[in-house]
Structure formats: structure tokens, C-alpha cells
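Just the heavy atoms: all of them, side chains too, but no hydrogens, waters or symmetry mates, feed the values below. In this text the structure is predicted, and so the values were computed from the model without any measurement. A note on names: the letters A, B, ... follow the listed sequences, proteins ahead of strands, and every chain is numbered from 1.
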Number of protein chains: 2
Amino acid sequence: MNQPFSSVWTREPRPARSATLSRAQIVRAAIELLDTEGLDALSMRRLGAKLGSGATSIYWHVANKDELLELAVDEVYGGITLPDEDTAWREAVSVFARSMRAVLLDHPWAAVLLGSRPSLGPNAVALVDRLMKVCRRAGFAGMAVDHAWSTLLAFVLGVTTPEIAWRAALGSTRVSDTELMKATHSVAEDAVRDHPDLAAHYALYKDMDIEASRAAAFDFGLTCVIDGLQVRLDRGDAPPSG
Amino acid sequence: MNQPFSSVWTREPRPARSATLSRAQIVRAAIELLDTEGLDALSMRRLGAKLGSGATSIYWHVANKDELLELAVDEVYGGITLPDEDTAWREAVSVFARSMRAVLLDHPWAAVLLGSRPSLGPNAVALVDRLMKVCRRAGFAGMAVDHAWSTLLAFVLGVTTPEIAWRAALGSTRVSDTELMKATHSVAEDAVRDHPDLAAHYALYKDMDIEASRAAAFDFGLTCVIDGLQVRLDRGDAPPSG
DNA sequence: GGCTCGGCTCGTACAGTGTGCGATTCCACT
DNA sequence: AGTGGAATCGCACACTGTACGAGCCGAGCC
């Protein structure tokens, strides 16, 4: 009857002959703007200006702003290196996860969008397809296949999103790296007065490289997830039933 | 010198004597509005109307909308049942994770906010403090403590956020549960034409209860994470060095 | 050539946003 | 009663997404 979602992906894009404005151009320009100026900076008027066209001209090629963002997000999905089907699954999964994190850190605006709407673009679907195959080859079957890859994806998304948030919050105060650390520490101390354990604990980070410690946290978590999947395989929790 | 963040939490709230408008009232009303009408529906004018006051009166008690959202988010944090310090860590962690998921599903607007800004409110900090203690008692030490709880948190956030997104997307098309499943399936099929494996796979879900399968996915992932942490403990990856 | 027609662009307009500012009200205390 | 600060509010500004209709431009037909 009526299409339940009328997503960008169900409709076909406008012909885009030799026009001055094409969907691809629009999406590319939007991504540039998003990368350099952030999510809040993307307005149709600014995008139009960047493209040297009227703001509302964009609406010929794209139904609305949301749809444009969906397209941009799928483009980001496309930047993630798909794990090779033939490599050992632990390796494949690890490569994928690191790549996804790197891509999201390169396009900070994408993380929140990626989580806040279903991803049905071709790149997203291709990614899921590949992940599925990797998981199946690893030994998962039935619904456990989905559980496996979605666990992995959830971890990457869930760890990268706050990471980006912290970067943005700290980055907006222009200070040196060490100043930045002190700032973090002082704020933490302030918010934490009632939690001496926590406060004492964060003294650990006083002389740490913040980026390195984030990478370490990511590796730790990733290893956990992978080992956890391994446990499922070893125990035979992988078959269709569960 | 200059406060690097001037967060809500560093400033103290307005006295809030017997005024008709108090910070607490405002936050409560905001949460009600958010719960019933969603994130986009919260505007200062609407909130003012709900409170029977001028929109800009709110700004006496709250610096800006972002700050109001921070307060609301911390309130949500407060709804999460903290794991008891004495219970076995696997149980404690599991209880916490399930509670956090439940709370986020009850306040769908909170998930994206929670990920997109640093959480320094008292409830958030208290939660981290408690999680930290649980992890330490489990046997983690040094930075591994943080790695452990942040892995757990990342998983819960990362799995719940898309779950909410799907709910919202499907919920906006008013259809019965079974219709809803068919819709999902048909869209998936459409987006998936080039990926026969994937398409075939999703036939599995044709007669599944979608909520139940999400819960199952969550349990699966949570078990993975916990088992992964267990592996770290067993292998002695927990000490301060790494 | 001129004419028409459809694809495409754009200016204008509308309803709505967050919030700075100055005026106004209200209450506690002298 | 008067005064001073706390609290509220209306208005205004700049900005948002996008509906709408008027126009441009190039291709096919007479």
C-alpha cells in the first residue's frame, strides 16, 4: 500500500545530466562543510552559497535536509574498509573496527547521525553484508550472526561517540595539549569532590597522552568483545537457537 | 585563569526560593515534554507555555538550552539503578547494563544527548564512581579500571542508540506489530537486492517478535562483553600497566 | 526562424528557533 | 512608604528548513 519508509534509497536519484548541480556534488560539498565546520554549521543556505547556487535549488536533487544527511552518512560508511572475507575472523573484525573508529574520528559529525537513524544506504548495507559473512565464516549461525556483528558495531559506535564529544568539548577551548590535560583534570576534580576514590584514580591521567590512552581503551574494549565472541563460539552459543 | 569548561556543574544553581519557577521544576517539565513529544518538540517557548510562564523567564534559572539538556540528561542518569558494591561483579555489571538500557528506552531522547557531550553531572559521576568500584573489586587496577567500565558503557550506549532510532523510525508509521515487521522486511529486501546472503538471512526475522529479538541481541552482546572482561582478568591484563 | 514544454534554478515568504536586552513586576527589608 | 534587588516578561534579531510560484534555459517541433 503506502511505503512505510519513503527513504532516499527507495526513490531513485534525479537524472543529474550535465547540470551545474548534481546530487553527488551536493553531497560532497555538504561533507566538506560538515568536516570543516561541524554539524551545526550545515545549513541549506550556507551549502547553497558554497555551491554557488541558491539555497532552495538543492531541493530539486534532495527531498529535504534529513535525506541529505542520510546520503552524507552513507558516504561515510563507504570510507570504512571492509574486512576481507578470507582473513581470519578475529583479524578481519579487528581491522574493520579500527577502520570504523578512524573514519568516525575523521568525520565527527557522522557518529551521532549514524546512531540516530536506521542506516539503509548501499554502503551501510554492503558493510553489514560483509560483516555478516565474516561472522558466519567464524562459526556463527542463525540470529547469532546478527548478534555478533551488532555487538561489534555497538561497541565501536558507543566508544567512539563519547570520544568525539570529549574532543569537541576540549577542542573548543584552544589550549596546548598539556594545558588541556590539566583542564580535564581540574574539571574532573571539581565535579568529583564527593567521590575521593574517583578523584584519586584520575591522578593517573595527569601525565598521560590523552589520545594514546583513548586508543588503549579502544584496544582493550575491542579485545574484550572479540574474546567474548570467541567464548560464544567455543561454547556453542552460536547456532540458530540462541 | 579562565575556566576551560564553564559547565552547569561548576556554577551553582539559582537560589530557587519560593519562586514560581525553579530549576528543578523547569528540568522536570522539560523531561516530561521530551518524554511525551521527543527531542525536536522541546523549544523554550513550548516549555515556557507548559510552565505557564514566559519563554525567556527560563533563562534566569538556566544559562541556555544546552545547559538545560545537560541537567535533563543527568536526571536520566539518576534513574539508572547503581550496581551494588558487594554483589559479584558479573551480576552487578549485568544489572547495571540492563537498567541503563531500560532507562534509555524510557527516555529515547536521552541516548543521543548522552553520547554527544561529556557527562559531568552529579548522577553521572556517581554512576562512574560506583562502576569504578565494582571493576576494582572485580580485580582490575590502574587504567584497566576505566577501560573496563567504559567498554561496558560503550556497549550499552552503542546498542541502545540504534535500537531507539529504529523504534522511532518504525513507530512513526502507525501500523500493527506484524505489519511493522513486514514493513521492515520489505524495506530491507529493497535495499538489499544486491546482497542475496543478507536478504536470505533476514527471512529469519519474518515471524519474530522484534522486541524480543532486540532483547536477545542485547543479552548476547552483554554476555560477550562480560566474558571478554573475564578473560582480561584471567589473563592478568588488568594490572596498571595495561 | 519562432514556439512550446519540461527540467532546473532561484527569490520570496512563512512559521519557527535560541536568546540578548530593557522594561516591568514583585517581594523582603528598612 | 520606600527602596533595591530578584524574577519575569515582551520584543527584537538573526537564523533555520522549506513551500511556492515565477522565471530561465536548452531541446524538439512546426
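- If you take CG of D66(A) and P of dG17(D), they are 11 Å apart, rounded to a whole angstrom.
- Look at E32(B) and K50(B) and you find a salt bridge, because one of the NZ, NE, NH1 or NH2 atoms lies within 4.0 Å of a carboxylate O, short of that distance.
- In this structure the side chain of Q25(A) never reaches within 4.5 angstrom of the side chain of H61(A), judged on heavy atoms.
- Taking the side chain of N64(B) as heavy atoms from C-beta on, and the options dC9(D), dC10(C), dT19(C), the nearest nucleotide is dT19(C).
- Nearest to the side-chain atoms of W60(A) among the listed nucleotides dC8(C), dT19(C), dG17(D) stands dC8(C).
- Looking at T161(B), its side chain never comes within 3.5 Å of a backbone N or O of G158(B) through a donor-acceptor pair.
- Proximity of H61(A) to the phosphate of dG7(C): no side-chain N or O atom is located under 4.0 Å from OP1 or OP2.
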Report all interatomic pairs (protein N or O, nucleotide N or O of nucleotides 20-26 of chain D) with separations under 3.5 Å.
none

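- At least one side-chain heavy atom of H201(B) sits less than 4.5 Å from a side-chain heavy atom of D146(A).
- Residues from residues 28-50 of chain B lying near DNA chain C, meaning a heavy-atom separation below 4.0 Å, are L42(B), S43(B), M44(B), R45(B) in numerical order.
- Under the side chain to side chain donor-acceptor pair (under 3.5 Å) criterion, the residue pairs touching residues 103-115 of chain B are D35(B)-H107(B), D35(B)-W109(B), with sequence neighbours excluded.
- If you measure from atom CG of L68(B) to atom C1' of dT17(C), you get 15 Å, rounded to the nearest angstrom.
- Contact annotation: S57(B) side-chain N/O to dA7(D) OP1/OP2 distance is not under 4.0 Å.
- Annotation: side-chain contact (heavy atoms from CB on, under 4.5 Å) contacts of A215(B) (sequence neighbours excluded): R101(B).
- With sequence neighbours left out, the side-chain contact (heavy atoms from CB on, under 4.5 Å) criterion links A63(B) to R11(B), E67(B).
- Here dT8(D) presents its P atom at 13 Å from CZ of R23(B), a figure rounded to the nearest Å.
- The side-chain contact (heavy atoms from CB on, under 4.5 Å) search around A97(A) returns L152(A), V156(A), F218(A), L222(A), not counting sequence neighbours.
- In this structure, I26(A) places its CD1 atom 11 Å from C1' of dT9(C), rounding to the nearest Å.
- Ion pair E70(B)/K65(B) not flagged as a salt bridge, since none of the NZ, NE, NH1 or NH2 atoms sits closer than 4.0 Å to an Asp/Glu carboxylate oxygen.
- Straight-line distance from the CG atom of L51(B) to the C1' atom of dC9(D): 14 Å, rounded to whole Å.
- With dG17(D), dT19(C), dT9(C) as the choices, the nucleotide that has an atom nearest any side-chain atom of L21(A) turns out to be dT9(C).
- Following rounding to the nearest Å, I58(B) (CD1) and dT19(C) (P) show an atom-to-atom distance of 11 Å.
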